[in-house]
Amino acid sequence: MNELCLLSATELARRIRTRALSPLEVMDAHLDRALEVNGRLNAIVNPLFDQARDAARRATETLARRRAGELPPLFGVPF
């Protein structure tokens, strides 16, 4: 399991704001984990992984153009 999946939402947000992580890196880690466990859990009924990655790409682009103080508190954190 990727360590990013074990971090709290606030820690992920902090690392994204400081640009230690990108929203796309975080999303990829969580999507990989979802694929890893969904066979056993069958919790994801309608996987929208492509849309999730697109949103993370857009968030990564937004992060490159804006200052951290201009972003919502949990910007880039997958829900």
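Given the structure is predicted, the values throughout are model-derived calculations rather than measurements.
- The side chain to side chain donor-acceptor pair (under 3.5 Å) check on S8 picks up T10, with sequence neighbours excluded.
- Between F49 and A34 the shortest heavy-atom distance is CZ-CB, 4.3 Å.
- When atom types are taken as modelled, the side chain of R19 and the backbone of L63 share a donor-acceptor pair closer than 3.5 angstrom.
- Residues G69 and R17 share a closest heavy-atom pair of N-NH1, 4.4 Å.
- In terms of heavy atoms, N2 sits closest to L4 at OD1-N, 2.9 Å.
- The two residues H30 and L12 have their closest heavy-atom pair at CE1-CD1, 4.0 Å.
- The stretch residues 69-79 participates, sequence neighbours left out, in these salt bridge (charged side-chain N to carboxylate O under 4.0 Å, His left out) pairs: R66-E70, R67-E70.
- The pair R15-E11 counts as a salt bridge, with a side-chain nitrogen and a carboxylate oxygen less than 4.0 angstrom apart.
- Annotation: side chain of L71 is in contact with side chain of T62 (closest heavy-atom distance under 4.5 Å).
- Between I16 and G76 the shortest heavy-atom distance is CD1-O, 3.4 Å.
- Of the possible donor and acceptor atoms, one in the side chain of N38 sits under 3.5 Å from a partner among the backbone N and O of I44.
- Interatomic distance, SG of C5 versus CG of L31, reported as 9.0 Å (0.5 Å rounding).
- M27 and L35 fall within the same hydrophobic cluster, where Ile, Leu, Val, Met, Phe, Trp and Tyr residues are linked whenever their side-chain heavy atoms come under 4.5 Å apart, directly or through other members.
- Legend: residues meeting side chain to side chain donor-acceptor pair (under 3.5 Å) with E36, ordered by chain and number and at least two apart, are R33.
- Linking Ile, Leu, Val, Met, Phe, Trp and Tyr residues whenever their side-chain heavy atoms come within less than 4.5 Å places V77 and L21 in a single cluster.
- From T60, atom OG1 reaches atom CD of E25 across 8.0 Å, with rounding to the nearest 0.5 Å.
- A salt bridge does not link D50 with R53: none of the charged nitrogens is closer than 4.0 Å to a carboxylate oxygen.
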